[in-house]
Amino acid sequence: MLLSLETTSMAKDTIVVVVQGLIPISLAAQLAVETAGLEEQLQGWGEVILVTDKILRWEKPWFPLAMLSVVSFVFLMIYYLDPSVLSGVSCCVMLLCLADYLVPALAPRIFGSSKWTTEQQQRFHEICSNLVKTRRGVVGWWKRLFTFKEEKPKMYFMTMLCSLAVIAWIGQQVHNLFLTYLIVSCFLLFPGLNKHGIISKYAGMAKREVNKLLKQKEKKNE
């Protein structure tokens, strides 16, 4: 039996043992390999990712207000300019191409790659690991959806039709740009809300209220 030892360049302290052909790779080893690959792909964006992570996690109290101000300004410009769908998509793709070309070249000069510390490297590794887990979760949910379709096709189609009908109704009642603004704002605020325990706090309150209502209903039935 041959064992090949692969030491990732971005995680030097982690040695991934891969058994070729005979023993399947463990889940932890797969996550380590995928995380190392993602780290290598995003290495040029490391400084930008760390700054974005600080903003999304609200490391300073004025970060949420600044973030919402920028998002509001962008959506106000879109509302004012009122571009067509083709123009909007073209501009977004053009900005992504410019960022993909300029950020890896300018980020080390702006943030200083010599200041990259062990703590920053560890945080960058954690971010990449979380991204890999999120991607795996989305893929797993997608596979479960198709499994649900194969096992219970009638229930699948009824669920999908009802869900899409509700979404279509909401989209008809609310302006599409305002709805997109709300979705983007909630998406950007979610990491900070989660880190500061605001979501768990109000989720716990809602759960307690639901439990009270259920208990009151049980007493009335008795």
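In this chain, numbering begins with 1 at the start of the sequence shown.
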Side chains of E34 and R136 in contact at under 4.5 Å (non-hydrogen atoms):
yes
Would L50 end up clustered with L102 when hydrophobic side chains under 4.5 Å apart are linked, directly or stepwise?
yes
Does the S69 side chain pair with the main chain of L65, one donor and one acceptor, at a distance under 3.5 Å?
yes
Starting at CZ of F178, measure out to CD1 of I183 and round the result to the nearest 0.5 Å.
11.0 Å
For a 4.5 angstrom cut-off between non-hydrogen side-chain atoms, does V184 reach F75?
yes
What distance separates I49 CD1 from K54 NZ, expressed to the nearest 0.5 Å?
13.5 Å
At what distance, to the nearest 0.5 angstrom, does CE of M205 lie from OH of Y202?
6.0 Å
Enclosure of F148 CZ (heavy-atom neighbours >12, cutoff 6.0 Å):
yes
So does K207 get a backbone contact from the side chain of N211, meaning a donor-acceptor N/O pair under 3.5 Å?
yes
Rounded to the nearest 0.5 Å, what separation is found between the CG atom of L179 and the CD atom of Q172?
12.0 Å
Close side-chain approach of Q121 to E126, heavy-atom, < 4.5 Å
no
So, for F157 and K149, which heavy atoms are closest and what is the spacing to 0.1 Å?
CZ-CE, 4.3 Å
Return the set of residues passing side-chain hydrogen bond (donor to acceptor under 3.5 Å, both in side chains) with Q122 (not counting sequence neighbours), or none when no residue passes.
none
Can you confirm whether more than 12 heavy atoms, excluding those of Q173, are under 6.0 Å from its CD atom?
yes
Side-chain heavy-atom pair K212, E209 within 4.5 angstrom cut-off
yes
Is there side-chain contact between L131 and L42, with heavy atoms separated by less than 4.5 Å?
yes
Using the side-chain contact (heavy atoms from CB on, under 4.5 Å) rule, take M67 and L56 through it: C-alpha gap first, then chi angles, then the decisive distance, then the call.
CA-CA 8 Å; M67 185 168 52; L56 292 178; 3.8 Å; yes
Are the side chains of I55 and L188 in contact, using a 4.5 Å heavy-atom criterion?
no
Just jot down the side-chain contact (heavy atoms from CB on, under 4.5 Å) partners of L193, sequence neighbours excluded, or say none.
W58, L189, I198, I199
If we ignore hydrogens and angles and just use 3.5 Å, is the side chain of S200 paired with the main-chain N or O of G197 as donor and acceptor?
yes
Tell me the closest heavy-atom pair linking G137 and R144, and the distance in Å.
O-NH2, 4.5 Å
To the nearest 0.5 Å, atom NZ of K195 lies from atom CG of D53 at 9.5 Å
Below 4.5 Å, heavy atoms only, C-beta onward: do S87 and S84 meet side chain to side chain?
yes
Please assess L68 against S185 for the test side-chain contact (heavy atoms from CB on, under 4.5 Å), listing each intermediate value before the final yes or no.
CA-CA 7 Å; L68 286 179; S185 299; 4.0 Å; yes
Hey, any chance F146 and M155 share a hydrophobic cluster, counting ILVMFWY side chains that come within less than 4.5 Å of each other, even indirectly?
yes
Checking F124 against Q43 for the side-chain contact (heavy atoms from CB on, under 4.5 Å) test, could you report, in this order, the C-alpha distance in whole Å, the side-chain angles of both residues, the deciding distance, and whether it holds?
CA-CA 9 Å; F124 180 63; Q43 187 61 29; 3.7 Å; yes
Between the CD atom in E47 and the OG1 atom in T52, the distance rounded to the nearest 0.5 Å is 11.0 Å
Could you work out the complete set of other residues in the hydrophobic cluster of V93, with links drawn between I, L, V, M, F, W and Y side chains under 4.5 Å apart?
V85, V89
Indicate, with yes or no, if W142 and Y156 share a hydrophobic cluster defined by side-chain heavy-atom contacts under 4.5 Å among Ile, Leu, Val, Met, Phe, Trp and Tyr.
yes
Check: K133 and T35 side chains under 4.5 Å, non-hydrogen atoms
no
Taking all heavy atoms of A99 and all of W45, pick out the closest pair and write down the distance.
O-CZ2, 3.5 Å
